[in-house]
Colleague: 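Please find one structure pasted underneath; my questions will follow.
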Amino acid sequence: MLDEVQGVLERSGFATGFFVGSLALAAGVLVLFAWPRSLRAPVVPLAGLLLVGAAALALNDQTHLPDGLLLGLALLALAGALAGVIERLHLPPAPALAVLAAPGAWLVSDAAGVDETWPRLLLVATIALGGALVAAADSEYRHLGLGPVLILVSMAGAYATVPDTEQAVIVFGAAVPLAVLGWPWPLASLGRSGASAAVGLLAWVAVTDGSARAGSTVGAIACLGVLLIEPVARGLPNAGEREPAPTATAGAGDGLAAWQRALPVIVLHLLLVIIAARVAGFRSSGLEAAAIAGFALVVAVLVAARWPALLPLTGQRKRG
């Protein structure tokens, strides 16, 4: 295990991603502290955009980015912003984001080299729906800043399952320093725009680096884990009651208690990522991998719906 970790740290792609991610972290911190406190939310939805931007710069330095990828990621981010406008009109943002993300998802699938009609439509739907689910989960977890931490684990899982890791290691490296925006002090969440674009980026990496083994592509995308199942579990009837979120004025003790309550979420995410990356992702058949990952995600939805500790800590759930 130590040799594997050392091997990752010594790769030039990881070093480049980590360096650019560190620059993005510094820029994000400067923006956070330069912004007038009266205009700044306690947790700013910035981390996802910083991650995608840093990863794109690092990828461009290490390899040639395909035509349409940057535009596709930009359109996914724009879809997230437009969904935020729709939310202000008191309309549900998640379905709107899934629809608005379709053009960007189509460009990302084209950049990934998916030419056949049905696989391409499936990938577009996966990116669009996955982005909407991840954005919804990140919104619920924003007071804990869990989004940047969970997406880092997802990127690590994607790296661990795809057979060709040239792109995956760069994105993983960029995600490492930016997780600091979520932990130990919650400064930033992924944000709706950042979550949508980050899912597109992960899907592109999964298809590009996983082309030699279809199961690894499915497993890498399934590494989104808790970020996929949380909105579904939250929407089930008779789900358990949730504990209130820590407020912006909470003290150090309250913050420690909040992280202790969030520990089951992180553990469940790790378990789902391990199953997706090392079990489903190592199958040669995409259908077999989808069956394994899908079964694990469905079980996680049912467990999370029955176990209140695995639901978000941003409010109270009413019993159905």
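Heavy-atom basis, side chains included; hydrogens, waters and symmetry copies ignored. If you read the sequence from its start, that first residue is 1, and numbering goes on from there.
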Colleague: Counting C-beta onward and ignoring hydrogens, is there a side-chain heavy-atom pair between V273 and C223 closer than 4.5 Å?
Modeller: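 Side-chain contact under 4.5 Å: yes.
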Colleague: Between the main-chain N or O of V162 and the side-chain N or O of D209, is there a donor-acceptor pair closer than 3.5 Å?
Modeller: no
Colleague: Give a yes or no on whether the backbone of A77 and the side-chain of S193 come within a donor-acceptor separation of less than 3.5 Å.
Modeller: yes
Colleague: Are I275 and V153 joined in one hydrophobic group, where the rule is that I, L, V, M, F, W and Y side chains link up if heavy atoms are under 4.5 Å apart?
Modeller: no
Colleague: I'd like to check the salt bridge (charged side-chain N to carboxylate O under 4.0 Å, His left out) partners of E166; sequence neighbours left out, ordered by chain and number.
Modeller: none
Colleague: Do P45 and R192 touch side chain to side chain, with heavy atoms closer than 4.5 Å?
Modeller: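 No. Closest side-chain heavy atoms not under 4.5 Å.
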Colleague: Quick check: are there more than 12 heavy atoms from other residues, nucleotides or ligands sitting under 6.0 Å from CG of D67?
Modeller: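 At most 12 heavy atoms, drawn from other residues, nucleotides or ligands, come within 6.0 Å of this atom.
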Colleague: Counting only heavy atoms not in L287 (residues, nucleotides, ligands), do more than 12 fall under 6.0 Å from its CG?
Modeller: no
Colleague: Examine the side chains of S154 and H269 and answer whether a donor and an acceptor come within less than 3.5 Å of each other.
Modeller: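 Yes, because at least one side-chain N or O of S154 sits under 3.5 Å from a partner of the opposite role on H269.
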Colleague: Check for a donor-acceptor pair, side chain of S139 on one end and backbone N or O of A135 on the other, with a separation under 3.5 Å.
Modeller: no
Colleague: Would L69 and L107 satisfy side chain to side chain contact (heavy atoms under 4.5 Å, CB included), going step by step from the backbone distance to the final call?
Modeller: CA-CA 6 Å; L69 177 60; L107 287 177; over 6 Å; no
Colleague: Report whether V8 and I274 are members of the same hydrophobic cluster (ILVMFWY, side-chain heavy atoms less than 4.5 Å apart, transitive linking).
Modeller: no
Colleague: Please find the pair of heavy atoms, one from A96 and one from I86, that lie closest to each other, and give the distance.
Modeller: CB-CD1, 3.5 Å
Colleague: Are a donor atom and an acceptor atom from the side chains of Q167 and T208 found within less than 3.5 Å of each other?
Modeller: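 No, because no side-chain N or O of Q167 sits under 3.5 Å from a partner of the opposite role on T208.
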Colleague: Please lay out, stage by stage, how M155 and I151 fare under the test side chain to side chain contact (heavy atoms under 4.5 Å, CB included).
Modeller: CA-CA 6 Å; M155 296 300 184; I151 202 69; 4.2 Å; yes
Colleague: Applying side chain to side chain contact (heavy atoms under 4.5 Å, CB included) to V301 and L297, what does each step give before you reach the verdict?
Modeller: CA-CA 6 Å; V301 166; L297 292 173; 5.6 Å; no
Colleague: Does T16 reach the main-chain N or O of G13 with its side chain, forming a donor-acceptor pair under 3.5 Å?
Modeller: no
Colleague: Which pairs, with at least one residue in residues 276-295 and sequence neighbours excluded, count as a side-chain hydrogen bond (donor to acceptor under 3.5 Å, both in side chains)?
Modeller: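 Sorted pair list: R283-E288.
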Colleague: Sequence neighbours left out, what passes salt bridge (charged side-chain N to carboxylate O under 4.0 Å, His left out) with R213? Give chain and number order.
Modeller: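 R213: no salt bridge (charged side-chain N to carboxylate O under 4.0 Å, His left out) contacts found.
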Colleague: First locate atom CG of L49, then atom CG of L178, and finally report the distance between them rounded to the nearest 0.5 Å.
Modeller: 11.0 Å
Colleague: Transitively linked via ILVMFWY side-chain contacts under 4.5 Å: V176 with L146?
Modeller: yes
Colleague: Any donor-acceptor pair under 3.5 Å linking the side chain of S22 with the backbone of F18?
Modeller: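 Judged by distance alone, yes, a pair lies under 3.5 Å.
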Colleague: Measure the CG-OG distance between L82 and S196 for me, rounded to the nearest 0.5 Å.
Modeller: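 So the CG of L82 and the OG of S196 are separated by 10.5 Å.
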Colleague: Starting from the C-alpha separation in whole Å, work towards a yes-or-no answer on salt bridge (charged side-chain N to carboxylate O under 4.0 Å, His left out) for R120 and D110.
Modeller: CA-CA 8 Å; R120 188 169 187 178; D110 182 63; 3.4 Å; yes
Colleague: Determine the minimum heavy-atom distance between V149 and G145, stating which atoms define it.
Modeller: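 Result for this residue pair: CG2-O, 4.0 Å.
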Colleague: Decide yes or no on side chain to side chain contact (heavy atoms under 4.5 Å, CB included) for F14 and I170, but give the supporting numbers first.
Modeller: CA-CA 5 Å; F14 179 87; I170 298 171; over 6 Å; no
Colleague: Please report the closest heavy-atom contact between P148 and A188, naming both atoms and the distance.
Modeller: CG-O, 3.5 Å
Colleague: Under a single-linkage definition using a 4.5 Å side-chain heavy-atom cutoff for Ile, Leu, Val, Met, Phe, Trp and Tyr, are L97 and Y141 assigned to the same hydrophobic cluster?
Modeller: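 No, because L97 and Y141 fall into different hydrophobic clusters, even though each may have its own neighbours under 4.5 Å.
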Colleague: Check I221 against L228 and note the closest heavy-atom contact, atom names and distance.
Modeller: O-CD1, 4.2 Å
Colleague: Tell me the closest heavy-atom pair linking A58 and G17, and the distance in Å.
Modeller: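 Closest heavy-atom pair between A58 and G17: CB-CA, 3.8 Å.
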Colleague: To the nearest 0.5 Å, tell me how far T165 OG1 sits from F172 CZ.
Modeller: 11.5 Å
Colleague: Taking side-chain contact (heavy atoms from CB on, under 4.5 Å) as the criterion, tell me which of V199, V108, V52, L201 meets it with L76.
Modeller: V108
Colleague: For A214 versus G286, what's the shortest heavy-atom pair and its separation?
Modeller: CB-N, 3.8 Å
Colleague: Once rounded to the nearest 0.5 Å, what's the spacing between atom CG of L268 and atom CG of L263?
Modeller: 11.0 Å
Colleague: When hydrophobic residues are tied together by side-chain contacts of less than 4.5 Å, even through go-betweens, does V171 share a cluster with L25?
Modeller: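 Both belong to a single hydrophobic cluster.
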Colleague: Counting distance only, does the side-chain N/O of T217 pair as donor-acceptor with the main-chain N or O of A206 below 3.5 Å?
Modeller: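 A pair under 3.5 Å: yes.
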Colleague: Any donor-acceptor pair under 3.5 Å linking the side chain of T161 with the backbone of A277?
Modeller: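 Checked: pair present.
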Colleague: Counting only heavy atoms from other residues, nucleotides and ligands, does the tally under 6.0 Å from CZ of F19 exceed 12?
Modeller: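 Atom CZ in F19 is not packed in, count stays at 12 or less.
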Colleague: Working to the nearest 0.5 Å, report the span between OG of S211 and CG of D164.
Modeller: 7.0 Å
Colleague: Could you point out which residue of L32, V43, L46 forms a side-chain contact (heavy atoms from CB on, under 4.5 Å) with L181?
Modeller: L32
Colleague: Once rounded to the nearest 0.5 Å, what's the spacing between atom CH2 of W118 and atom CG of L121?
Modeller: 6.0 Å
